[in-house]
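As structure tokens, the structure follows; a few thoughts come after it.
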Amino acid sequence: MYTKTQIQNLQNLTNTLLKSNGTVEELRDVLRFHEYRYYILNDPLISDSEYDQLYKKLEKIEKENPSLITKDSPTQRVGNSLNKDFVTVPHLVPMLSLENSYNPQDLIDWSERLNGLTDYQKIHFSAEPKFDGASISLIYENDLLVRGATRGDGAAGDDITTNIKQIGSIPLSAKFSEYGIEKIEIRGEVLLTKENFRKFNETLSEEGIAPLANPRNAAAGSLRMKDPSAVRKRKLEAILYHVSFIQLNEKGLKNYPQLLRTHSGTLQLLAELGFKTPIREKKIFTDINQVVNFCRDFENKRDELPYEIDGIVVKVNEIELQQQVGSTTHHPRWAIAYKFKARQATSKLINVEFQVGRTGSITPVAKIEPVPIGGVTVSSVSLFNEGIIQEKDLRLGDTVIVERAGDVIPYIVKPNTELRTGKETKIIFPVNCPVCGDPLVKTEDEAVWRCVNISCEAQVVERIIHYVSKDAMDIKTMGEANVRKFYAQGLITDIPSIYSIDHDKIASLEGFKQKSVDNLLTAIEHSKKQSLNRLIFGLGIRYVGETTAKILAKSIDTIFELKKFSIEELQQLKDIGTKVAESIFTFFHNEDNIIILEKLAEKGVNINGNKTESLSGKLSGYTFLFTGTLPALKRNEAEKLAEENGGKLLSSVSANLNYLVAGESAGSKLDKAKKIKTVKIINEEEFLNLIQS
Ligand code: IVH
């Protein structure tokens with residue numbers, strides 16, 4: 001997409017524009033370049049705030065001179081809220097389905113059918129992942145994105161252009177004209193990575209809203225949201241894999257673009273124009289048996305991918321042959337989907353238990369007859385909240401369809417109502433806390449019932465479990481099971497009591513050898529030095545996730561300063577809204593909480609923030625990349641450490657990299673780094689020295 005010289009020029013231009021003013025064209029060029037680095041290559045060259053500075057400069061000039069605004073200016077992604085329903089628009093070519101196959105023989109039969117339809121001697125098969133998201137169609141006319149639509153019924157879909165523009169990896173304009181293309185309709189899939197899905201659901205549950213079932217539903221739902229800025233926050237990605245319509249200009253008519261003669265060439269063309277495509281994942285075969293092996297290999301590593309896939313799509317690579325064999329009314333004959341094993345199973349709903357969470361929220365959990373799904377036996381499935389039970393009309397004794405997709409927690413898709421015998425019974429939601437017996441409360445804007453007794457034992461235990469968890473104070477070997485055990489034995493009673501736990505009593509517990517007691521004590525001791533953001537997150541303040549905790553830690557010198565913040569002052573901090581500010585304010589104005597903090601400080605737990613340090617973190621101004629297996633730290637721990645000390649992480653080796661931290665069996669990244677003189681290659685110990693120095 002960008003040549004070396006272009007990259008160099010754009011980087012120089014970026015530096016100039018950050019320091020001084022530039023033209024709208026210059027600003028647009030650098031912004032587009034950095035969007036490409038960020039969204040397509042996942043390898044940003046500038047920080048978010050530098051991007052924002054450039055963006056604001058462009059926005060300012062455009063505001064002052066509206067006549068300079070162009071439709072594909074990076075500022076034009078932002079749209080107004082839609083106040084009407086979406087308009088239905090016809091597709092240029094119907095969006096067909098794919099024929100499904102479930103075993104190798106189906107693929108072999110398909111290839112034989114193809115052989116019967118053509119006299120081609122050798123068919124090339126192109127195989128690529130079948131992305132499990134929401135399908136979209138994009139139309140570009142004279143290089144401009146003019147329309148984005150959902151699949152709808154295949155013939156017509158919803159016009160979601162404004163929302164489509166919120167997806168950073170979809171270019172608002174692309175140089176199709178250079179390939180002789182005047183108008184083009186492209187098909188693809190909008191997805192949410194598993195990681196972004198998990199994070200998104202975390203925010204939802206912090207807000208007391210039922211989490212979304214799976215990334216596919218989240219992506220589809222996001223595309224139909226009324227508020228484009230909310231769409232942007234979901235961090236959707238789009239992968240484009242098919243061209244369904246092309247109209248050529250004079251240049252194209254004279255000289256047909258060669259790349260369009262094959263599917264793999266089409267992917268290359270789209271990739272060169274700045275789209276995300278499955279070009280790296282796809283593989284070409286001539287032997288269908290090799291295609292079968294490819295499908296099997298992919299199925300085995302599906303969980304390692306950052307996003308969900310539900311199969312492999314095998315396509316005839318020659319476009320001419322695709323046109324020869326054509327389509328049925330339902331699917332093209334030139335493609336077939338090899339579907340992976342279902343991650344759904346049928347089971348029986350035996351009972352519903354009600355669990356009390358750390359914030360007192362009551363979660364109904366379905367107990368089902370144990371059933372294997374995708375290699376894991378599932379017997380417990382969260383039902384999230386009362387509303388979902390009603391919405392799905394679930395009853396005890398129902399036969400239910402359960403799904404477990406990848407890393408996603410299992411959930412009940414629906415009951416099979418046809419199998420009802422009449423003996424099924426209603427699920428009764430409790431009116432009192434199942435643990436402390438206090439009456440449950442539900443506010444108007446929430447979907448969940450809560451126990452508001454903060455001394456409720458269940459909440460105390462959950463709060464301790466959260467405090468010791470990996471993303472909070474990371475007290476290894478403490479874990480959920482041990483917290484429950486220690487609490488039941490009276491060894492811990494609240495968070496501060498962790499730091500005065502009786503060693504001898506633990507050693508006398510069944511299954512605790514001296515070594516495990518030592519490990520536990522070391523981990524407890526180690527947690528005292530954790531950064532303040534982890535402590536704040538670990539306190540389990542409602543609506544305060546890891547990001548908010550970091551923002552708070554950066555704004556104070558000691559945790560007790562938070563007592564002095566008014567709701568308005570809290571709201572002035574980045575990304576903190578009224579609800580979050582009120583919750584923080586309430587927490588720090590509760591005497592019991594302050595006593596807990598004082599006890600923690602007394603025990604030597606770090607309560608100091610990095611207000612001063614964050615401005616000059618030990619690693620600030622330096623970029624890092626980790627490769628290979630490090631002797632002591634896990635990859636994510638090392639990365640967190642780098643970030644916590646002001647360092648910036650890069651995802652690939654380039655001249656912008658300052659330090660490559662290499663562990664055992666470091667591969668191509670190390671080789672590449674050795675070739676760049678300015679990259680310093682260091683080991684874990686040297687990395688830790690940088691922080692401690
Ligand atoms: S090609 C004419 N390639 O799966 C059909 N489709 O279940 C062209 N899908 O409707 C589609 N990944 O929405 C194609 N790599 C891929 C795909 C893919 C996912 C979707 C697509 C299709 C559906 C059928």
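Whatever order the structure lists ligands and atoms in, that order sets their numbers, starting from 1.
- Counting heavy atoms closer than 4.0 Å to ligand 1, residue S244 contributes nothing at all.
- Under the side-chain contact (heavy atoms from CB on, under 4.5 Å) rule, I136 has a single partner from T150, I164, N163, which is I164.
- With ligand atoms numbered from 1 in the order given, ligand 1 contributes 10 (O) to contacts under 4.0 Å with heavy atoms of L96.
- Atoms of ligand 1 lying under 4.0 Å from any heavy atom of E128, numbered from 1 in the order shown and given with element: 3 (N), 15 (N), 16 (C).
- Taking the six-membered ring where tryptophan is involved, the planes of F275 and Y140 are perpendicular, since the angle between them exceeds 60° and thus also 30°.
- Residue K130 touches ligand 1 through backbone and side chain together, judged by heavy-atom distances below 4.0 Å.
- Scanning the protein for heavy atoms near atom 14 (C) of ligand 1, the closest one is Y241 CE1, 3.2 Å.
- Put simply, part of P332 is less than 4.0 Å from ligand 1, judged by heavy atoms.
- For F131, heavy-atom contacts with ligand 1 shorter than 4.0 Å involve the backbone as well as the side chain.
- For P129, the heavy-atom gap to ligand 1 drops under 4.0 angstrom.
- For atom 5 (C) of ligand 1, the nearest non-hydrogen atom from the set L98, V93, V314 comes from L98.
- Using a non-hydrogen distance threshold of 4.0 Å, K315 registers as a contact of ligand 1.
- Among the candidates H263, H242, H124, the single residue satisfying the ring pair (Phe, Tyr, Trp, His ring centres under 6.0 Å) test with W334 is H242.
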Verdict with reasoning, E195 to R198, per salt bridge (Lys or Arg N to Asp or Glu O under 4.0 Å): CA-CA 5 Å; E195 176 67 4; R198 190 182 59 77; 3.2 Å; yes

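- Taking only nitrogen or oxygen atoms, main chain and side chain alike, W334 does not reach within less than 3.5 Å of ligand 1.
- For a threshold of 3.5 Å applied to N or O pairs, the pair formed by S97 and ligand 1 contains no separation below that value.
- For the pair K122 and Y120, the cation-pi test (distance below 6.0 Å, angle within 45°) is failed.
- Using a distance-only test at 3.5 Å, with no hydrogens or angles considered, no donor-acceptor pair links the side chain of K367 to the main chain of V381.
- The shortest distance between side-chain heavy atoms of Q105 and I108 falls below 4.5 Å.
- Using a 4.5 Å cut-off on side-chain heavy atoms (C-beta onward), E128 and Y241 make contact.
- For the side-chain contact (heavy atoms from CB on, under 4.5 Å) test with I123, the passing option among T286, V325, L114, I288 is L114; the others fail.
- Of all atoms in ligand 1, listed by their number and element, those nearer than 4.0 Å to a heavy atom of S135 are 13 (O).
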